[in-house]
Amino acid sequence: MDDHLPGDSAGSRGLWLPVCDFKRLVDAGIVPLRVAGLDLVLMASEGHAFACERACPHEQADLAGGRVSVGRLFCPRHAVSFCLSDGAVSFGWQIRPLRLYPVRVERGEVLIDAAVLKSAGEG
């Protein structure tokens, strides 16, 4: 199964780095990792893979301790949740959206777009 998600164009020719076995991700639900100097969280929800920044934009809680349900990531410290398709924050919170990173699944491996990570690390 190929899984093209936010920020990904199916025909892109960027450098895609393998970061996790998809079965491992599905079994774990959330996998913290560090790639290109960035602390990230990989998540599986409804058969898809997602990647985002590891620190919650509200008070920098570690989202690796959060939970995923029906396409949303819930912060372990507060009731705030984020949409995994666009990073939008739950209603009533005055914080920026969650930063998402393009991932795809190919041949059972979760791949992340290294070019996007590089530009995020420089900003």
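In this chain, residues are counted from 1 in sequence order. Keep in mind the model is a prediction, meaning the values are calculated, not measured. All heavy atoms count here, side chains included; hydrogens, waters and symmetry mates do not.
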Please list, chain by chain and in numerical order, all residues satisfying side chain to side chain contact (heavy atoms under 4.5 Å, CB included) with Ala114, sequence neighbours excluded.
-> Leu15, Leu17
How long is the span from the [atom1] atom in [X] to the [atom2] atom in [Y], to the nearest 0.5 Å?
{"X": "Arg99", "Y": "Leu40", "atom1": "CZ", "atom2": "CG", "result": "11.0 Å"}
{"X": "His58", "Y": "Gln94", "atom1": "NE2", "atom2": "CD", "result": "10.5 Å"}
{"X": "Phe22", "Y": "His48", "atom1": "CZ", "atom2": "NE2", "result": "8.5 Å"}
{"X": "Ile112", "Y": "Leu38", "atom1": "CD1", "atom2": "CG", "result": "8.5 Å"}
{"X": "Cys75", "Y": "Arg67", "atom1": "SG", "atom2": "CZ", "result": "11.0 Å"}

For [X] and [Y], which heavy atoms make the closest approach, and how far apart are they?
{"X": "Leu100", "Y": "Gly87", "result": "CD1-N, 3.3 Å"}
{"X": "Leu42", "Y": "Ala51", "result": "CD2-CB, 3.7 Å"}
{"X": "Ser81", "Y": "Arg72", "result": "OG-NE, 2.8 Å"}
{"X": "Met43", "Y": "Leu73", "result": "SD-CD2, 3.6 Å"}
{"X": "His78", "Y": "Trp93", "result": "CB-CH2, 3.8 Å"}
{"X": "Val41", "Y": "Ala64", "result": "CG2-N, 3.8 Å"}

Looking at side-chain heavy atoms only, is the closest gap between [X] and [Y] below 4.5 Å?
{"X": "Ser90", "Y": "Phe74", "value": "no"}
{"X": "Leu98", "Y": "Pro57", "value": "yes"}
{"X": "Leu63", "Y": "Pro76", "value": "yes"}
{"X": "Val110", "Y": "Val31", "value": "no"}
{"X": "Cys56", "Y": "Val80", "value": "yes"}
{"X": "Pro102", "Y": "Trp16", "value": "yes"}

Pairs satisfying side-chain hydrogen bond (donor to acceptor under 3.5 Å, both in side chains), at least one member in residues 23-35, at least two apart =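 For residues 23-35: Lys23-Asp27, Arg34-Asp39.
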Stepwise, does the side-chain contact (heavy atoms from CB on, under 4.5 Å) test hold for Tyr101 with Leu117?
-> CA-CA 8 Å; Tyr101 297 93; Leu117 292 177; 3.8 Å; yes
Go through the structure and list residues passing side-chain hydrogen bond (donor to acceptor under 3.5 Å, both in side chains) with Asp21, not counting sequence neighbours.
-> none
